Amino acid sequence: MPQENLAKAYMPLEVEPRWRARWEDGRVFSPELPAQGEPYSIVIPPPNITGNLHIGHAFNLTLQDVLCRHARQQGKTVLWVPGEDHAGIATQNVVERRLAAEKKSRHDLGREAFVQRVWRWKEEYGENIRRQIKAMGASVDWTRERFTMDEGLSRAVRRVFARLYKEGLIYKGDYIINWCPRCHTALADDEVEFTPRRGKIWHIRYPVDGENGFVIIATTRPETMLGDSAVAVHPEDERYRRLVGKKARLPLMDRLIPIIADSYVDREFGTGALKITPSHDPNDWKLGFKHKLDFIQVIDENGRMTAAAAAFAGLPKAEARERVLAELETLGLLEQSLDYEHNVGQCYRCQEVIEPHVSTQWFVAARTLAYKARAAVPDKTRIHPESWLKTYYNWLDNIRDWCISRQIWWGHRIPAWTCEDCGKLLVEEEAPAVCSHCGGRRLLQDEDVLDTWFSSALWPFSTLGWPGETPELRAFYPTSVLVTGFDILFFWVARMMMLGLHFMDEVPFREVYIHALVRDAEGKKMSKTLGNVIDPLEMITRYGTDSLRFTLTAFAAMGRDIKLSEERIEGYRHFMNKIWNAARFALMNLPEEGPVPALGQATAQGTHHQWILHRLEEMKTSTAAALREYRFNDAAQDLYKFVWNELCDWYLELIKPDMQAGGETRAQAQGVLLTALRETLILLHPIIPFVTAEIWTALPAFAGEKPPDPDLAKILYPPARPACLHPEAASRMRLIQAIIVAARTIRAELNLSPSLPLKAIIRPENQTKEKILEEHRALIARLARLESLSLDAAAQPPRLSASQVAEGNEIIVLLEGAVDTGAERARLDKELGKLEKERQMLEKKLSDRNYVEKAPAALVERDRQRVKELAAAGKKLRLVRNKFSE
RNA sequence: GGGCGGUUAGCUCAGUGGUAGAGCGCCGGCCUUACAAGCCGGUGGCCGCAGGUUCAAGUCCUGCACCGCCCACCA
């Protein structure tokens with residue numbers, strides 16, 4: 001859709017919808033198999049279906065999209081798989097909250113109806129997520145979208161479960177797990193959040209059997225003492241040594257429990273004596289086995305005291321605590337109670353206090369699987385930035401078996417059946433019709449579902465069609481890179497490594513790029529309750545998708561946090577407009593259809609053309625290198641500077657006279673301009689696809705060229721043009737720029753109106769520079785807004801003139817009109833001060849014999865040269881200044 | 001308790017041993033026919049503190065202070 005005119009300002013809301021529609025419906029991003037080019041693949045970290053995408057997703061999507069679009073430019077066959085995660089507990093909780101508003105519970109509906117209800121919810125919110133991924137411009141392949149609970153992935157889950165079970169890597173057993181009494185389910189260790197809470201710690205006297213004395217223990221949870229089966233002290237603790245081997249009489253229960261010694265006990269903490277409750281504390285659980293203690297469960301899964309709690313049976317645990325304390329007080333066994341702040345485990349989904357609870361659960365033998373996952377890094381999978389290596393190793397080295405069963409309804413139901421006739425446990429990929437042991441038909445499926453992360457752990461191969469042997473799996477596994485935040489390095493990345501290696505015998509991704517988390521302007525985590533969320537859709541509406549994407553890309557380097565504020569996005573919107581207007585300028589100066597003379601492999605004549613082409617070559621190399629090394633910020637910021645400070649501020653200004661000149665001069669400028677603009681758009685496109693694609697369609701073709709594809713997303717990266725590398729042109733350009741800036745500075749600092757015509761003389765430093773400056777005399781005059789400019793090595797500055805030295809050349813601006821001589825004298829003094837300061841610094845350095853002898857010779861020579869320059873410049877300026885003092 | 005970051009301009013942050021950078025802000029001047037979402041010029045830093053290595057340290061090493069994150073969960 002080439003258009004005659006671009007609007008005066010860039011209007012993203014008018015441009016973006018067209019490209020969105022084209023990119024999501026045209027199957028532009030659906031690779032054909034078998035792959036023509038080198039395969040490149042990414043699987044999306046699937047967003048939860050629980051709500052809206054937040055700015056963190058926008059960031060994550062942007063980086064992946066930059067990589068995918070860039071890979072396509074390199075001619076690779078790119079697959080980016082989109083999808084969503086069913087997010088078991090989180091989603092169930094959301095739907096349950098909705099039901100609660102209708103004064104219903106999931107139990108009112110029953111399992112089947114409830115799950116149906118969640119599916120409906122998923123359909124609604126899944127669409128919401130899709131819309132937002134599309135809004136970001138993400139170049140995913142929608143024909144290959146997956147959901148963690150779709151049929152194919154569910155089959156993969158069952159296959160993995162059944163195989164791991166048969167290999168002995170999944171087992172069922174009693175264990176003390178984290179129990180959420182509200183969600184009524186087990187939680188994995190990393191699903192528990194610890195937050196400091198003010199509470200109390202009580203010192204309680206346990207009478208020593210057969211003596212008058214006591215052993216005093218300290219506890220924050222007195223109600224659990226009803227289930228105590230020992231008291232432990234440190235084996236080298238002199239205070240208690242004589243008590244080890246004796247028994248204590250457990251108050252309230254009148255039970256004799258052994259006093260044991262174990263180096264686990266911290267002598268410094270509390271009283272140095274520890275009550276052991278194997279059924280209600282994870283550490284005591286271990287000691288319980290080690291010392292063959294009794295396991296007495298006194299709190300049930302609803303948080304009530306069991307029959308084992310004798311007189312306290314049936315009480316809620318909080319009430320039991322009160323009663324226990326009251327009775328101890330009465331008995332005179334409560335030594336003291338102290339205020340105490342300690343960490344309390346809470347459910348990461350509902351914030352309920354976690355109860356350590358013994359129950360029968362399913363586990364993955366993670367310790368066995370961790371070995372390969374550890375060994376594969378960094379040789380088979382590289383982690384960027386490398387600083388995360390240690391964290392990754394540390395976690396795998398200390399991994400514990402992974403509790404994967406959850407007592408909720410929304411999720412993959414565990415493929416295990418118990419035969420009611422013979423009691424045998426059957427684990428199968430597909431539901432068995434009869435018991436393989438006794439032929440019985442009464443089979444009862446396990447009620448539990450799997451931890452959400454179990455299916456997520458298979459994502460890199462399950463989304464590609466495993467267990468089928470699909471062309472996708474063949475072409476795209478292992479995936480090229482995983483892009484994710486560090487917050488799920490353990491939840492997700494390490495587990496994908498473990499299961500990917502086990503089932504595919506190959507790592508799930510060649511590289512992992514771990515990016516920062518986006519926080520608000522104060523560095524706080526964005527959360528709905530704090531009300532500090534920045535909604536990506538809102539930003540897109542306000543500033544355009546490209547502005548948001550560019551902002552996020554430019555900030556990608558930051559260590560662990562990005563503090564994002566709306567002003568930054570607004571700031572980068574100006575950049576989009578700048579690009580837009582540069583294009584408008586180009587279109588005004590390019591013929592609508594050819595012939596724009598093609599540049600071909602050659603460079604152009606003229607310093608400014610050679611310079612911009614040289615810089616363009618450098619940008620092509622550096623941008624590709626930056627993206628290859630995941631230096632997103634370098635790519636974005638270098639492009640920003642190039643486009644704004646070089647292409648727009650200088651080059652477009654420099655060719656204005658060429659365009660007016662017409663003829664061959666104009667034609668050549670057109671050729672270079674179109675080349676530079678086209679290739680710059682290609683470099684920018686992975687970061688800001690919309691504005692670049694829109695401009696692309698408006699550009700004319702070169703003479704004799706078959707017009708390029710109108711969709712910039714299909715255009716390849718520009719090949720290097722070695723003939724255009726031209727460092728000498730770049731250095732000539734620096735000289736010209738320095739002279740122009742010097743003239744402008746004089747004008748500005750003397751408060752001379754830009755419209756005031758001025759005359760100037762340049763005293764060139766040497767003949768080489770004289771020649772360059774002479775060649776570009778008209779150009780310099782134009783950009784410095786000089787009425788006339790001459791070169792004269794022997795010129796004597798008249799009394800009323802202002803002067804500045806640039807790269808050794810003195811530019812003298814004649815001040816015939818009324819000029820404030822005081823202001824000029826002040827300006828010169830300031831200038832001289834600067835020169836003098838630098839000269840002194842260098843001379844001090846050069847007078848240091850160590851420096852002269854040990855530093856690289858080139859460096860010393862450079863400094864000496866600079867001192868000479870400074871001295872010459874100072875001399876010239878002083879001459880002028882003295883005239884002003886007369 | 002273990003580990004990892006951070007501390008650089010008013011703000012947010014880059015910075016690869018060799019004269020300290022960007023964006024935004026601020027000051028002054030401009031509607032100079034691509035862009036006022038703009039142009040030109042300028043101001044602004046004991047690079048957290050103290051040692052050390054080096055001819056040379058914001059950059060490497062040691063210690064300290066403060067801020068933050070992750071892991072562990074000590075009754």
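The chains referred to below are lettered A, B, ... by the order of the sequence lines, with proteins before strands, and numbering in each begins at 1. Not measured: the values here are computed from a predicted model.
- Distance from the side chain of A/Glu749 is smallest to B/G42 among B/A34, B/A75, B/G42.
- The aromatic ring centroids of A/Tyr640 and A/Tyr572 lie less than 6.0 Å from each other.
- Among the heavy atoms of the strands lying under 4.0 Å from A/Met588 are primed sugar atoms or P, OP1, OP2 only; no base atom is included.
- One finds a side-chain N or O of A/Lys656 lying less than 4.0 angstrom from the OP1 or OP2 phosphate oxygen of B/A34.
- Looking at the side chain of A/Lys854, the nearest of the listed nucleotides B/G18, B/C55, B/C40 is B/C55.
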Dot-bracket pairing map - RNA chain B, Watson-Crick plus G-U, both contacts under 3.5 Å, | cross-strand:
((((((((.[[[[.)..(..]]]].(((((.......))))).....[[[[[..)....]]]]])))))))....

Nucleotide-resolved protein contact map, nucleotides 25-32 of chain B, B/S/- at heavy-atom distance under 4.0 Å:
---SSS-B

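- Among the protein residues, A/Ile217 comes within range of no part of the nucleic acid, since none of its heavy atoms lies under 4.0 Å from any strand.
- Looking at heavy-atom distances under 4.0 Å, A/Tyr340 makes contact with sugar-phosphate atoms alone, never a base.
- Along RNA chain B, the nucleotide nearest A/Asp634 and the nucleotide nearest A/Arg744 are compared for position; the residue whose nucleotide lies closer to the 5' end is A/Asp634.
- With distances taken from any side-chain atom of A/Lys578 to the nucleotides B/G18, B/G38, B/A36, the minimum falls on B/G38.
- Residue contacts for A/Asp863: at a heavy-atom cut-off of 4.0 Å it reaches no nucleic acid atom on any strand shown.
- Taking side-chain N and O atoms only, A/Lys390 has a distance below 4.0 Å to OP1 or OP2 of B/C4.
- Between A/His515 and A/Phe59, the ring planes lie perpendicular to each other; the angle is over 60°, past the 30° to 60° tilted range.
- Residues A/Lys641 and A/Leu647 each lie close to RNA chain B; by heavy-atom proximity, the contact nearer the 5' end of the strand is made by A/Lys641.
- For A/Arg221, no side-chain nitrogen or oxygen approaches OP1 or OP2 of B/C73 to under 4.0 Å.
- The shortest distance between the side-chain N/O atoms of A/Trp644 and the OP1/OP2 oxygens of B/C39 is below 4.0 Å.
- In terms of phosphate contacts, A/Lys844 brings no side-chain nitrogen or oxygen within less than 4.0 Å of OP1 or OP2 of B/U19.
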